[in-house]
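Hydrogens, waters and symmetry mates play no part in the numbers below; they use all other heavy atoms, side chains included. Atoms within each ligand, like the ligands themselves, are counted from 1 in listed order. What you see is a predicted model; the values in this text were computed from it and never measured.
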Amino acid sequence: MNARAEIETEIKRLKDAGLGWACVETDLREIAALTSRINKLKREKNAVICAHVYQFPEIIKGIGDFVGDSYKLAADSTKTNAEIIIFCGVNFMGETAKILNPDKRVFVPSLKAGCSLSEGITAEDVVKLKKDYPDVPVVTYINTSAEVKAESDCIVTSSNAERIMRKYYQKHKRVIFIPDKLMGTNLAKTLGKTPGKEIILWDASCIVHDRFNTETLKLYRKKYQGLLALAHAECSPDIAAGVDFLGGTGTMMKYIEATNASAYLLITECGFGELAKMRFPEKNFIAMCRLCPYMKSITLDNVLFVLENLPSEYEVSVPENTAARAKKAIEKMFELAE
Ligand code: 13P
Ligand code: SF4
């Protein structure tokens with residue numbers, strides 16, 4: 001096939017995948033040139049792409065081999081024979097993939113893919129907490145560094161935090177939950193636990209989810225009768241109290257699939273709404289959304305550059321001893337999440 005025909009075929013594939021609505025024809029032509037080049041390189045280099053739901057639609061639909069929330073992508077990263085994983089997500093997700101797949105090369109195609117939660121706590125902070133609360137288990141949100149995970153007993157994600165915390169409370173009176181204070185406060189309410197007593201929290205939050213306001217939520221409720229409102233578990237307790245469903249990216253998507261409302265109000269990162277619209281074109285969505293600057297620092301150009309050059313500054317590495325300890329806590333999550 002000549003180059004022109006190849007691009008036409010790629011444009012059709014992208015349109016069939018649902019990308020047509022998001023881009024005008026010229027953009028789609030530029031996107032198709034990049035996605036077809038990246039997909040070829042993936043085959044040549046035996047690489048796969050993991051893409052978090054918050055990535056741009058052209059990454060998810062154009063080049064993603066595995067698409068999902070943080071839990072699904074961690075599990076999926078172990079299911080491939082590829083030698084290289086390009087992780088289109090944030091650093092802690094790339095680190096988790098590396099910890100679970102030490103023999104593979106893992107790259108995050110941006111040097112700006114941090115996370116306010118992950119940057120909000122250090123391993124030294126956890127060591128101090130463990131000294132202050134001896135014998136209290138440390139349950140840690142996956143949005144943390146490998147070093148923090150290494151100091152933890154169990155990792156959780158937004159889709160399994162409640163289930164795993166319930167299991168911990170069957171054996172313990174008190175649990176340390178770090179680092180998301182808002183998610184921890186929401187969990188405390190659901191589980192009937194008192195912050196500071198039965199659940200020890202840390203003061204970090206997600207800069208995307210911590211600033212939605214309830215006034216807008218009330219306004220939409222008035223305007224659209226029959227609306228179902230969904231919010232990510234990293235949102236404030238005020239938002240949590242006003243929605244029909246609070247959960248993680250994966251569980252929110254399942255909730256939409258299982259219900260039939262006249263419209264859905266989505267209080268989370270904008271990428272979620274874009275994917276929901278492509279997955280459920282017959283449903284109506286109102287996105288009360290914000291962009292994650294870390295997630296959105298990844299573009300098709302970055303991915304192409306990293307896949308072509310495999311530059312060392314983009315490669316994820318985790319010291320062996322840290323990785324071994326962190327892996328235990330992640331495996332505990334896989335065991336308790338089932
Ligand atoms: P999920 O576990 O829902 O993918 O969340 C990751 C995240 O960073 C949400 O802000
Ligand atoms: Fe981190 Fe929030 Fe961005 Fe998720 S949305 S990666 S928690 S800053």
Do any of the N, O or S atoms of C206 sit under 2.8 Å from atom 3 (Fe) of ligand 2? no
Who's the nearest protein heavy-atom neighbour of atom 9 (C) of ligand 1, and how far? E234 OE2, 3.2 Å
Short N/O distance, under 3.5 Å, between T157 and ligand 1? no
Does a salt bridge link E162 with R166, judged by any charged N lying under 4.0 Å from a carboxylate O? yes
Yes or no: does S158 have any heavy atom under 4.0 Å from an atom of ligand 1? yes
When you measure from atom 2 (Fe) of ligand 2 to the N, O or S atoms of C115, does any of those distances fall below 2.8 Å? no
Taking 4.0 angstrom as the limit and counting only heavy atoms of Y294, give me the atoms of ligand 2 inside it, by number and element. 8 (S)
Under 2.5 Å between the sulfurs of C50 and C88, yes or no? no
Closest non-hydrogen protein atom to atom 7 (S) of ligand 2, residue and atom name please, with distance? N143 ND2, 3.1 Å
Please identify which atoms of ligand 2 are closer than 4.0 Å to at least one heavy atom of V208. 5 (S)
Donor-acceptor pair, distance only, cut-off 3.5 Å: does the side chain of N213 make one with the backbone of T216? yes
Closest to atom 6 (C) of ligand 1 among protein heavy atoms sits H52 NE2, 3.9 Å
With a 4.0 Å cut-off on heavy atoms, is H232 touching ligand 1? yes
Minimum-distance protein heavy atom relative to atom 2 (O) of ligand 1: S70 OG, 2.5 Å
Please tell me whether T268 and H209 have a donor and an acceptor in their side chains that are separated by less than 3.5 angstrom. yes
Note: E95-K149 ion pair, threshold 4.0 Å (strictly below): no
Could you tell me which atoms of ligand 2, counted from 1 in the order shown, lie closer than 4.0 angstrom to a heavy atom of L117? 7 (S)
Are any of the N/O atoms on T249, whether in the backbone or the side chain, positioned under 3.5 angstrom from an N/O atom of ligand 1? yes
Do any N or O atoms from the side chain of S116 and from the backbone of I207 form a donor-acceptor pair under 3.5 angstrom? yes
Heavy-atom nearest neighbour in the protein, as seen from atom 8 (O) of ligand 1, with distance rounded to 0.1 Å: N143 ND2, 3.1 Å
No-hydrogen, no-angle side-chain donor-acceptor test under 3.5 Å, D69 and T249: no
Can you check whether F107 and Y314 have ring centres sitting under 6.0 Å from each other? no
Salt bridge flag under 4.0 Å for residues R221 and D244: yes
Checking N302 side chain against S110 main chain: does a donor-acceptor pair fall under 3.5 Å? no
Tell me: protein heavy atom nearest atom 3 (Fe) of ligand 2, and distance? C292 SG, 2.4 Å
One residue to check: Y71. Relative to ligand 1, which of side chain, backbone, both or neither has a non-hydrogen atom less than 4.0 Å away? neither
With a 4.0 Å cut-off on heavy atoms, does E234 reach ligand 2? yes
Counting heavy atoms under 4.0 Å, the part of H209 that contacts ligand 1 is side chain
Y71-F334 aromatic ring centre distance below 6.0 Å: yes
